[in-house]
Amino acid sequence: MKRETKPRPRRKAAPSTTETAGATPWTEGIPLGTGGAIHPLFGLGLWSVGRWGPDDEIRTRSAIGRALERGVRWFDTAEVYGSGRSERLLGDAISAHPVGPAAPFITTKVSWEHLRPGQVKAALTGSLQRLGRRSVDLYLIHGPDPRVPLAQTMPALEALWKEGKIGAIGVSNFGLDELEEAGAALSEARIAVNQVRFNLFDREDAEPILEHCRQHGVLVEAYTPLLRGLLAGRYLDGERPPREIRGLSHRMLDDESMASLLARARALRDLANERAVPMASLALHWLRGQGALPLAGATRPEQVDELLAAIAARPEPAVLAEADRIARGDDGA
Ligand SMILES: NC(=O)c1ccc[n+]([C@@H]2O[C@H](COP(=O)([O-])OP(=O)(O)OC[C@H]3O[C@@H](n4cnc5c(N)ncnc54)[C@H](OP(=O)(O)O)[C@@H]3O)[C@@H](O)[C@H]2O)c1
């Protein structure tokens, strides 16, 4: 595994996409730092594993298997997902699956409860055991803990990076101050990734972070890109959206705002139908247009197939601009 070193701060946009011969949307990537590693453009997140019973686990195993068969490379998990079950399922699936031409790109995360130096090392050791690997491509701090200074956590991560157990260091749910503080606490390594909640409807919090990351060459991974299925067409015909969808940018939408959001989502669906592309393709490719790397969830094999179809569709820039306008509620007047 190649490691990246801390470059001088950069003031320009992240490098352009690399495409390899025979690339599919899942195998295309973008440089991760300066060490030669490539970060895939689209990923599959394995958060929801923790919510379910044994039947769901069987379904999840087949979703991961389908993803591996179809060439998905970037898998995102965390020690807290299902208290380690998510990592274990992923490790089992990868070891049961013949490795294709492009090896999986694995991200996992240290919990916000394990940010003291000794805890970080123990957490990574546990994750690697569950995943059945010697190293991960990317290791993220899942979220800050105000009780533990980042000046303690970051050197511990850097030591694991120097040992080659982590291909790159990243963070998640970090604001601007925390990003600065974390970066300043590293000596040779650098923050390669910030994973944030970001989608067509949920962008207020992400936008300033995105700008900062662009300026400093930090890749942005966008989680919840489909707004839990709403941006793939779910909840648009009567089914009441769950609370997690009402909680945009950390504030609960009232009934009127929710009705407006659903109306805009229906307009996005109309646009997708008119342009003969899957609705999810608008959400995923709009994020790519913003420079973010979408990390979607799929809990059954059919959803993996639908995600692949959405990524393969690649709507025209004018269609994405129209989607942006609709999602913002800009009537063009
Ligand atoms: N760093 C963090 O704090 C953080 C937080 C949240 C997520 N994440 C990561 O990001 C990943 C993605 O997040 P997310 O699950 O919120 O993303 P999402 O892509 O917005 O939502 C995924 C959910 O949408 C539904 N869905 C998927 N495809 C669909 C389709 N074609 N039609 C209708 N519904 C569809 C499924 O719901 P059902 O399963 O109900 O069918 C699926 O679980 C997570 O797995 C995790 O790895 C990170």
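Order of appearance sets the numbers: ligands from 1, and atoms from 1 within every ligand. Please read these numbers as outputs of a predicted model, since none were measured by experiment.
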What I want to know is whether Ala232 and ligand 1 share at least one N or O pair that is separated by under 3.5 angstrom. no
Numbered atoms of ligand 1 (with element) below 4.0 Å of Asn173, judged on heavy atoms: 1 (N), 2 (C), 3 (O)
So, His97 versus Glu69: side-chain donor-acceptor pair below 3.5 Å or not? no
Report the C-alpha separation of Arg88 and Asp92 in whole Å, then their side-chain angles, then the decisive distance to 0.1 Å, and conclude whether the salt bridge (charged side-chain N to carboxylate O under 4.0 Å, His left out) test is met. CA-CA 6 Å; Arg88 193 164 282 121; Asp92 289 354; over 6 Å; no
Enumerated ligand 1 atoms positioned under 4.0 Å from heavy atoms of Glu306: 30 (C), 31 (N), 32 (N)
Give yes or no for whether the N/O distance cutoff of 3.5 Å, strictly under, is met between Ala298 and ligand 1. no
Looking at non-hydrogen atoms alone, which of Tyr81, Phe75, Tyr223 comes nearest to atom 46 (C) of ligand 1? Tyr81
Under 3.5 Å, is there a donor-acceptor pair between the Ser127 and Glu87 side chains? yes
Do Ser172 and ligand 1 have an N or O pair less than 3.5 Å apart? yes
Report the part of Leu46 in contact with ligand 1, treating N, CA, C, O as backbone and CB onward as side chain, heavy atoms under 4.0 Å; options are side chain, backbone, both, neither. backbone
What do you reckon, is CD of Glu211 surrounded by more than 12 foreign heavy atoms closer than 6.0 Å? yes
Below 4.0 angstrom from a heavy atom of Leu295, which ligand 1 atoms are there? Numbered from 1 as shown, please. 9 (C), 10 (O), 11 (C), 12 (C)
I need the Asp330 CG to Asp324 CG distance, nearest 0.5 Å. 8.5 Å
N or O contact, Leu226 vs ligand 1, cut-off under 3.5 Å: yes
Does Asp202 pair with Arg228 as a salt bridge, N-O distance under 4.0 Å? no
Checking contacts here: is it the side chain or the backbone of Pro225 that comes within 4.0 Å of ligand 1, counting heavy atoms only? Could be both or neither. both
Ligand 1 atoms nearer than 4.0 angstrom to some heavy atom of Asp76 are 9 (C), 46 (C), 47 (O)
Output field: ring centroids Phe174/His142 closer than 6.0 Å: no
Atoms of ligand 1, numbered as shown, that sit under 4.0 Å from any heavy atom of Arg300: 41 (O)
Which of Glu79, Lys121, Gln119 passes side-chain hydrogen bond (donor to acceptor under 3.5 Å, both in side chains) with His114? Answer is Glu79
Subset of ligand 1 atoms that lie under 4.0 Å from at least one heavy atom of Gly45: 11 (C), 44 (C), 45 (O), 47 (O)
Within the 4.0 Å heavy-atom shell around Leu227, which atoms of ligand 1 are there? 20 (O)
For a quick check under 3.5 Å, do Ser260 and Glu256 share a side-chain donor-acceptor pair by atom type? no
Closest to atom 37 (O) of ligand 1 by heavy-atom distance, out of Arg228, Arg234, Arg197, is Arg234
Heavy-atom neighbours of Asp177 CG exceed 12 at 6.0 Å: no
